[in-house]
There are 2 protein chains.
Amino acid sequence: MPMTSRPTSRDVAREAGVSQSTVSLVLGGKWSGRVSPATVAAVHDAAERLGYRPNRAARSLRLGSTRTVLLVVPTLTAPFFGAVHDGAARVAARHGFGIVAYPWPETAGPADSPFAAPDEAIDGILASSLAEDAMSGFAGTPVVMLDSDPSAAAPTVVFGVEDGMRAIVTHLTGLGHRRFGHVASSIDQWTFHARGRALADAVAAVPGASLAREDGALDVAAAKDAAGRLLDRPERPTALVCDDDVMSAGAYKAARARGLEIPRDLSVTGFDDVLLATALEPELTTVRLPAGELGAAGMTALLELLEGGHPASRSLPGELVVRGSTGPVPVE
Amino acid sequence: MPMTSRPTSRDVAREAGVSQSTVSLVLGGKWSGRVSPATVAAVHDAAERLGYRPNRAARSLRLGSTRTVLLVVPTLTAPFFGAVHDGAARVAARHGFGIVAYPWPETAGPADSPFAAPDEAIDGILASSLAEDAMSGFAGTPVVMLDSDPSAAAPTVVFGVEDGMRAIVTHLTGLGHRRFGHVASSIDQWTFHARGRALADAVAAVPGASLAREDGALDVAAAKDAAGRLLDRPERPTALVCDDDVMSAGAYKAARARGLEIPRDLSVTGFDDVLLATALEPELTTVRLPAGELGAAGMTALLELLEGGHPASRSLPGELVVRGSTGPVPVE
DNA sequence: CTGTTAGCGCATTCAA
DNA sequence: TTGAATGCGCTAACAG
C-alpha cells in the first residue's frame, strides 16, 4: 500500500484508531488530564510508525504564526554575517524555527512575481548592523537589533566594542606606545561610531598620548590608502589601530610599501578576528568578536519577545587576542 | 474603522464589489478572457488601496507548494558559501521564492521542539559541495547539486575547475617552471578530487615536469605544514599550486619561515579568489570562481526542475587572475 | 463573464 | 475521556 504523499494527522488518527482531534491534542502536548495514557502511547506509536510530520502551512494558517524569522544583513558574503546566521540558525532549529536570510538592500528591487518579498509569512526579524529606521516597512513585526545602536527602542544585542578598544589601548600603552593612528571605517554604522569614540576616549585618558585618524571604505585598498596617509604624517604613529581585520591587511601593505617592518617599526591591531587575522604575516593582534554568539543571543531574545516577554538588551564581551603584530614601541 | 489585522482577499472583494474568487483569479493573473477589464482594474485598485498581500500559509496549504527552497551548505561562515547564498537568493526573490539556509551537518541534532527540522515545507533543495548521498532522507524532493560530482543523477552546476588548473599550469609553465608542488586539500569532495586530477594530468603533459603532493586540512596552519613538507624535499618545487586561497596563505608562511621570497624564489597560486587573495602580500595569482553565479545558476536550474523541466547540468568557467605571487622560475 | 462551493491539514471549540 | 464540527485564507472546479 504505497503511501504516495506525506501522512496527515488523519492518517495517524486512523492508524491509532482515534479521532484526528485527539491526535492533534496529543502531539500538541496539551493532553494532560484530557486523554488517557494508553491513547497517548498509541498515538505516539502510530505517528512514529508513519513517520508523521505536521504540515507547516496548515499549522501556520491555523495558528497565524509561521515559525520563521527573517535575518536582515547587509550581505552574507562577509564571513562575519555568515557566522551570525549560523549561530541564529542553531538556536532557531532547536525551537522549530527556520531562518530566512535577507541580504539587504542588495536583494531589494521589484520582483517579477507579485508574491515577492519575504516580508510576509514571518514572525519576527533579526536585523544586523543596520539603522533601526531601515526596518520601517516592517512596522508591527517584533524585531531584535544586532550590533546596532543599543539606545534604540527595540531590544538589542551588541558587542562590547568599547571594552575591546580600551583593551587594545591598554595593551599598546603597556608596550610604550603614545602616538596612535586610527584607520577608521567610513561606514555609517553604530558599531564603528562606538569604536571611534571609545578609542578617542581611551587615548585621551593616557597622559601625553595623541591620536590621528583617517577614514576609508572597508576594503584592503582603501585601508591601505588611509593607513598610508597616517604613516606619511610628520609625527608618524607608532601604532595603527584598525576598525576591522580587513583594514589591518591594508595597513600591513602600507607599512611594507614604506619599508616598515611589523612589529619592529610599527604595531598594528585589528578588530573581529576573522580568518584573515591568522592568515596575515605576522599574525594579527585583534579583538575577537563572537559573531556566532551574537546570532544565537539575538535569536534567543527574539524567541523571548515572540512569547510576550521583554528581553533585556545584552552586550557580548570581545576578547583581546595578542599575536605577533604588536610589539614594544621602537626606540627613536 | 481600524483594520486590526492584514486584509484578506475577501476584504479586497468587498472593497471592489466582487466575489472573493474573482479577486483570486485576477491577482493570480489567470483572468484572460474570463474577467472584464473593468473588473480587473477595480480589483487591482482595491488591492492596492488596502495594501493587500496574499497569505503565504493559505497559498501553500492550497497549492501544496511553499515557494521555499532549502540551501544545504557545510557552513555559511566561509565567504564562499555566503556568496552562493546571495546569488541564489537574488534569483529566488525575483520569482517569489524564499531561501532558508541549512548549515549541515552542524545544525543537525535533536531538537527541543517536535516541529524541528526545516525539511518540511520546502519545494526543493540546493545542495552545495556535498556528496549526493548526503541528501538521502530528502528522497523525493527535487534537488540540484552545486560544485559536486556532475556524474550524479541530479542536475548539477559546477565550476570548470579542470580548465582552471590547466590555466594555472600553462601560466606557470610559460614562466619556466617545471617542478611543481601541490598543496592539496584533504577534504573528500568532488571539487578537490577534480582539482588534483586536473593538475596531475596537466603536469604530466609537460615534458620534463614533475609534481609532488602533500595533503592537509583546509586551514592556514595545516597548509603551512603541508607546504613546508614540500619545500623541505631535496628537489624543491619552484611553484606551489594550492587547492584554495586559504592554503596559499599557509604556503606564504612556510616560504617566509624558510627565507624564501615570493615570487623571486617561489611562485604560489591559489584557487577561489576570495577576499584573502588581495589581502596577502604579494597579492595572489589565483583562479576566480564565481560563487554568486553558482548560486544563481543553481537556483535557475532548480526553478526549471520545479516546473517540470529537465535542466541540463552546467559548468561555470573559472578565470585565471594573474597577480604578484607568480614569477619567472629562479635561476639555479 | 462572475459567483458558489469545496476542500488543503491543522488546532480548537463544543457535545457526547 | 473522546469525537464531530468549524474555520484559518486561498485556489480551482463547476454552475449560472
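Being a predicted model, the structure only gives us computed values, none of them experimental. Quick note on labels: first sequence line is chain A, next is B, and so on, each numbered from 1.
A salt bridge links D45(B) and R49(B); the closest N-O separation between the charged side-chain nitrogens and carboxylate oxygens is under 4.0 Å.
Among the heavy atoms of the strands lying under 4.0 Å from T8(A) are primed sugar atoms or P, OP1, OP2 only; no base atom is included.
In this structure, the nucleotide among dT12(C), dC10(C), dC8(D) sitting nearest to the side chain of K30(A) is dT12(C). Nearest to the side chain of T22(B), among dG3(C), dG9(D), dT1(D), sits dG3(C). Listed nucleotides: dT2(D), dT12(C), dG9(C). Nearest to the side chain of T39(A): dT2(D). If you check dC1(C), dG3(D), dG3(C) against the side chain of S36(B), the one that comes closest is dC1(C). Side-chain atoms of V18(A) lie closest to dG3(D) of the nucleotides dG3(D), dG9(D), dC10(C). Across dT2(D), dC10(D), dT5(C), the shortest atom-to-atom separation from the side chain of N55(B) is found for dC10(D).
Between the OG1 atom in T75(B) and the CG atom in D86(A) there is a gap of 4.0 Å [rounded to 0.5 Å]. Between M299(A) atom CE and L71(A) atom CG the span is 9.5 Å, to the nearest 0.5 Å.
Put simply, CZ on R56(B) is 19 Å from P on dG9(C), counting in whole angstrom units. For the pair R14(A) CZ and dG9(C) P, the interatomic distance rounds to 11 Å; values are reported in whole Å. Atoms CG (L25(B)) and P (dG3(C)) sit 10 Å apart, rounded to a whole Å. Distance CZ (R67(A)) to P (dA11(C)): 11 Å, rounded to an integer number of Å. Distance, L61(A) CG to dT6(D) P: 18 Å, rounded to whole Å. The distance from atom CH2 of W31(B) to atom P of dC1(C) is 10 Å, rounded to the nearest whole Å. Atom CG of L63(B) is separated from atom P of dC8(D) by 19 Å (rounded to the nearest Å). Distance CD (Q20(B)) to P (dT4(C)): 11 Å, rounded to an integer number of Å.
In the interface, the side chain of S9(B) is not paired with the base of dG9(D) through any donor and acceptor atom under 3.5 Å apart. Residue side chain S21(B) reaches the base of dT4(C) through a donor-acceptor N/O pair under 3.5 Å, judged by distance alone.
In terms of position along DNA chain C, the nucleotide closest to V35(B) lies nearer the 5' end than the nucleotide closest to the other residue of the pair V23(A) and V35(B).
H310(A) is not listed as a side-chain neighbour of L305(A), based on a closest heavy-atom distance of 4.5 Å or more.
For the OP1/OP2 pair of dT2(D) and a distance below 4.0 Å, the side-chain nitrogens and oxygens of R34(A) include no atom meeting the criterion.
F159(B) and F80(B) have perpendicular rings, their planes meeting at more than 60° on a 0 to 90° scale where under 30° would count as parallel.
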